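Data block below; observations after.
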Amino acid sequence: MLPDSLRKSALKAQAESTAKTPTIPGCQQVSRAVTALHDAHNGFLTGVLDAFRQAELLVYALTPHEALRDIRIAVDPDFTSREWRALIPGDPLPMRLPDPDSGKNELLRNVIYPDFKTQLWPREGHMVSRSAIRIGGRIYGPLIMTLMPQTPRPFQDFFRVSARRDERLPYRMSFLLEYGGLNMGLKPVLASILSFTNSDNKRFNNAVEKLRALDLEGVCCVKFRICLCTWACVRDMPEKEAHLLLRRRVAELSKAVQGWGTSDVSEAVGDPLLGLTATLPAMMPSSPSPVTAAPLTDAIGMLPFRPASPWKEGSLLLRTQDGKLMPFAPNSSQQAAWIDLGVAPMGGGKSVFLNALNFAFVTQAGLSRLPWVSIVDVGPSSSGLITLLRENLPEGKKHLATYHRLRMTEDFSINPFDLPLGNRIPLPSHKAFLVNLLSLLATPLEAKAPAEAVPGLLRRAIELAYTELSDGNACHPRIYHANVQPELHRMLLRENIHLDAATTWWEVVDALFERGFVHEAIQAQRYAVPLLADVSNQINQNTGIRNTYDEKTRHNVWRAIIDAIDDYVILKGPTQFDLGDAQIVSLDLDEVAPRGGSTADRQSAVMYMLARHVLGSRFFLMPADVELMPEKYRAYHAERIEAIREDPKRLCYDEAHRVTQNLSVADQLQADMTTMARESRKWNLSIGLYTQSIDDIPPIIIELATMVVGARTIRIL
């Protein structure tokens with residue numbers, strides 16, 4: 001490993017160090033350590049890790065304790081705990097009281113680390129035949145590959161063949177790659193001279209020439225060897241039966257290897273311990289298997305690369321096609337963002353996987369509070385998840401998980417003009433949503449976008465409606481009516497809140513909030529904010545709008561909103577549908593989001609926008625928004641916003657093609673989704689889109705995705 005100049009000085013330093021310390025059998029010779037080798041090893045390790053990572057392969061270095069534990073588990077798993085740790089220099093030694101009558105060496109054993117032989121081989125091996133050896137409760141049958149695959153094939157081909165067998169076939173395989181594949185001594189010369197004697201020499205010459213040609217092209221040629229072993233457990237059956245089982249498994253493993261690119265193996269006859277040790281990591285610098293010269297690309301192509309997970313543990317367990325468990329941790333810092341896309345045909349399991357992923361999101365490690373999950377669904381597929389979560393929440397907390405199937409009735413009324421508690425005017429993001437929603441209502445069915453002046457007209461009308469119903473000077477807030485909410489009225493009387501004919505709903509809201517009745521204040525505020533009809537009145541009656549916009553535009557927009565009030569009962573009155581304090585919510589839009597024609601598509605688009613606003617608007621409040629709120633409410637909102645921002649949040653759409661392929665709303669919602677995807681990490685937000693075709697998802701979101709789930713594959717980015 002070391003150049004001549006370093007080797008000489010290293011050997012000299014080693015000799016001087018060794019002369020100062022006694023050599024004690026059964027103990028580590030710590031004085032023989034060579035610092036220069038440590039540096040060379042670190043350089044090699046760094047280069048290998050970089051090479052694998054540049055090829056986008058997941059690899060990590062083992063610590064000394066992990067490596068030694070894995071070696072011992074490979075030697076004697078029945079005698080080794082997963083928590084076992086080897087004693088190496090730097091570890092604290094146990095405090096032991098030696099026998100004062102023992103010799104000097106025995107006294108020193110108490111202060112020197114035991115050697116690796118006794119630590120890694122807790123029980124001796126016993127040869128039971130010329131081709132089998134027993135260690136502990138297992139009998140091993142080693143094999144060596146005598147003929148390398150003539151047509152190299154990936155390891156997955158061998159793995160699939162062995163995994164399909166009815167009986168589980170345990171085995172271990174080691175690959176040894178060394179430099180100098182073309183260093184064959186006199187063999188090429190002799191084979192060339194004697195090529196006329198048989199065809200084998202001619203084939204050997206042809207192979208050597210091809211390898212040399214590859215070497216000239218820059219392809220490295222290596223020495224390649226493969227050893228294998230299988231075993232049977234004596235503790236599970238009588239020893240005679242274990243021997244028969246081992247012979248059967250050796251035969252099965254031999255047949256599996258022979259079908260892996262036309263190769264051949266033989267038993268390690270005469271010294272099975274040598275064959276077994278060759279399959280253990282870091283035990284032998286060589287191998288009893290015959291040497292084969294091979295291009296490095298072919299050798300690496302046969303190595304057992306398998307799908308891997310960057311997480312050692314997670315709340316969701318996935319499984320590869322070859323049966324390997326892969327933990328997945330939602331919302332982990334291992335990913336730059338958390339955007340998962342699910343694509344599968346009808347009946348492909350999209351909704352089932354989405355439920356499993358959402359359950360894993362709720363049960364992820366490290367949470368002190370329940371996270372926020374909002375699901376926009378079409379059909380009852382998410383109702384089972386909500387029921388499961390509700391049943392597992394303690395009494396008094398079951399209301400935090402809820403499933404609602406929206407219907408086009410007054411009982412499910414949702415007023416999109418509702419405001420955060422105490423606010424008189426909408427926040428900028430809320431105002432933009434209202435303009436988009438009303439622009440959609442004012443767009444003709446045959447058109448893809450509203451007329452040029454429509455968004456400006458609607459923005460002006462929305463601002464005027466809020467200003468008109470505010471409680472400032474020259475405003476006309478709504479007057480309080482006792483018969484609207486009888487229970488609320490009785491509370492007001494109990495609290496001695498002053499009421500008269502001029503009392504407004506805003507005064508009731510402020511009075512309730514000051515007394516700590518937040519939920520009741522939110523209910524009262526629903527009757528103080530504008531309705532869709534108030535916006536239509538501003539369009540039809542406000543002098544400024546009448547003087548600014550032409551009559552045809554005003555009339556068309558006014559008529560579209562009037563039609564929407566009649567068509568969408570759910571948008572007509574004050575909010576009746578209340579999510580309350582629920583944090584895990586599923587809205588089923590199956591009844592209100594029909595398909596089949598432009599009118600149905602328009603209704604579906606409106607309902608999806610409304611669901612997005614109801615479920616997701618609370619996720620996107622920023623600390624800067626507090627400055628835009630009334631002063632007496634700022635502390636309440638600041639605490640609430642901070643709590644929501646700290647908690648993990650998830651917004652997911654099942655059957656996302658209902659949105660992305662809907663011409664009425666595609667551009668608006670796609671822009672909204674793109675913004676959410678780009679800024680999701682800032683909001684601690686996870687986004688899920690599940691549909692039947694990858695073409696249903698905008699290209700920019702595909703580019704930003706960090707996990708893509710197919711019918712049979714999952715790729716984590």
Side-chain angles (χ1 to χ4, degrees), residues 58 60 307-319 325-343 350-377 382 385-386 388-389 392-393 397 400-402 581-586 612 615-623 640-654 656 672-690 697 701-710 713-717:
L58 182 64
Y60 58 92
S309 172
W311 298 276
K312 293 185 178 181
E313 56 185 21
S315 54
L316 179 63
L317 287 180
L318 307 173
R319 189 183 291 275
L325 286 176
M326 292 183 60
F328 173 73
N331 239 51
S332 166
S333 59
Q334 293 280 356
Q335 294 177 285
W338 311 283
I339 304 168
D340 52 285
L341 308 180
V343 180
K350 299 186 300 297
S351 299
V352 174
F353 179 81
L354 179 59
N355 284 337
L357 187 56
N358 287 337
F359 184 78
F361 182 85
V362 174
T363 57
Q364 62 183 286
L367 296 182
S368 59
R369 295 191 296 260
L370 197 66
W372 299 76
V373 180
S374 297
I375 306 170
V376 180
D377 202 355
S382 59
L385 170 67
I386 300 299
L388 175 64
L389 293 173
N392 283 277
L393 287 172
K397 299 288 186 179
L400 296 179
T402 180
D581 298 329
Q583 294 182 223
I584 303 173
V585 184
S586 173
R612 152 67 177 82
L615 297 178
S617 59
R618 53 188 174 176
F619 293 171
F620 307 110
L621 294 175
M622 303 294 290
R640 178 169 170 267
I641 291 172
E642 187 62 29
I644 294 178
R645 280 176 55 81
E646 289 179 356
D647 293 337
K649 297 171 284 294
R650 179 164 171 80
L651 176 63
C652 45
Y653 290 84
D654 199 1
D672 186 27
M673 289 181 184
T674 301
T675 301
M676 287 192 297
R678 290 180 183 274
E679 302 178 2
S680 58
R681 187 174 184 86
K682 178 175 67 177
W683 290 322
N684 199 12
L685 174 67
S686 171
I687 300 173
L689 298 177
Y690 288 74
I697 299 174
I701 296 182
I702 297 176
E703 181 182 340
L704 296 172
T706 56
M707 184 169 75
V708 180
V709 183
T713 59
I714 297 178
R715 186 178 184 190
I716 300 172
L717 306 174

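Everything numeric in this text was worked out from a predicted model, so none of it was measured.
Across Lys350 and Tyr690, no two heavy atoms sit closer than the pair O-CD2, 4.2 Å. Between Ser374 and Leu615, the closest heavy-atom pair is OG-O, 3.3 Å.
Partners of Val362 under the side-chain contact (heavy atoms from CB on, under 4.5 Å) rule, at least two apart in sequence or in another chain, are Leu370, Pro371, Val373, Leu389, Ile584. Judged as a side-chain contact (heavy atoms from CB on, under 4.5 Å), and not counting sequence neighbours, the contacts of Gln364 are Ser315, Asn331, Phe361, Leu367, Pro648. Applying the side-chain contact (heavy atoms from CB on, under 4.5 Å) criterion to Arg369, with sequence neighbours excluded, gives Ala643, Glu646, Asp647. Residues forming a salt bridge (Lys or Arg N to Asp or Glu O under 4.0 Å) with Asp340 (at least two apart in sequence, or on another chain): Arg650.
Interatomic distance, Leu400 CG to Leu393 CG, rounded to the nearest 0.5 Å: 6.0 Å. Note that the CG atom of Leu704 and the CD1 atom of Ile339 stand 5.0 Å from one another [nearest 0.5 Å]. For the atom pair CG (Asp377) and OG (Ser382), the distance works out to 4.0 Å, reported to the nearest 0.5 Å. Atom CE of Met707 sits about 7.0 Å away from atom CD of Gln335, to the nearest 0.5 Å. Rounded to the nearest 0.5 angstrom, Leu318 CG and Leu316 CG are separated by 4.5 Å.
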**Study point:** Test log, rule side chain to side chain contact (heavy atoms under 4.5 Å, CB included), inputs Val376 and Cys652
**Key:** CA-CA 6 Å; Val376 180; Cys652 45; over 6 Å; no
**Study point:** Chi angles and distances behind the side chain to side chain contact (heavy atoms under 4.5 Å, CB included) call for Val709, Val343
**Key:** CA-CA 6 Å; Val709 183; Val343 180; over 6 Å; no
Practice item. Could you please spell out the steps behind the side chain to side chain contact (heavy atoms under 4.5 Å, CB included) verdict for Phe619 and Trp683? Key: CA-CA 7 Å; Phe619 293 171; Trp683 290 322; over 6 Å; no
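The backbone N or O of Ala337 lies less than 3.5 Å from a partner atom in the side chain of Thr706, making a donor-acceptor pair. Without hydrogens or angle criteria, Arg645 side chain to Met622 main chain gives no donor-acceptor distance under 3.5 Å. Distance alone, capped at 3.5 Å, is enough to place a donor-acceptor pair between the Lys649 side chain and the Ile644 backbone. No donor-acceptor pair closer than 3.5 Å links the side chain of Thr402 to the backbone N or O of Val585. Remark: side-chain polar atoms of Asn355 are not paired, donor with acceptor, to backbone N or O of Leu385 under 3.5 angstrom.
Considering only heavy atoms from C-beta on, Trp338 comes within 4.5 Å of Asn684 through its side chain.
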What side-chain donor-acceptor pairs closer than 3.5 Å can you find for residues 307-314, not counting sequence neighbours?
| residue | atom | partner | partner atom | Å |
| --- | --- | --- | --- | --- |
| Ser309 | OG | Trp311 | N | 3.1 |
| Ser309 | OG | Trp311 | O | 3.4 |
| Ser309 | OG | Pro327 | O | 2.5 |
| Trp311 | NE1 | Ser332 | OG | 2.8 |

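No hydrogens or angles considered: a donor-acceptor pair under 3.5 Å links the side chains of Ser351 and Asp654.
Residue pairs meeting the salt bridge (Lys or Arg N to Asp or Glu O under 4.0 Å) criterion with at least one partner in residues 325-338, sequence neighbours excluded, do not occur; the list is empty.
Screening Leu685, Leu689, Ile375 against Leu651 for a side-chain contact (heavy atoms from CB on, under 4.5 Å) leaves a single residue, Leu685.
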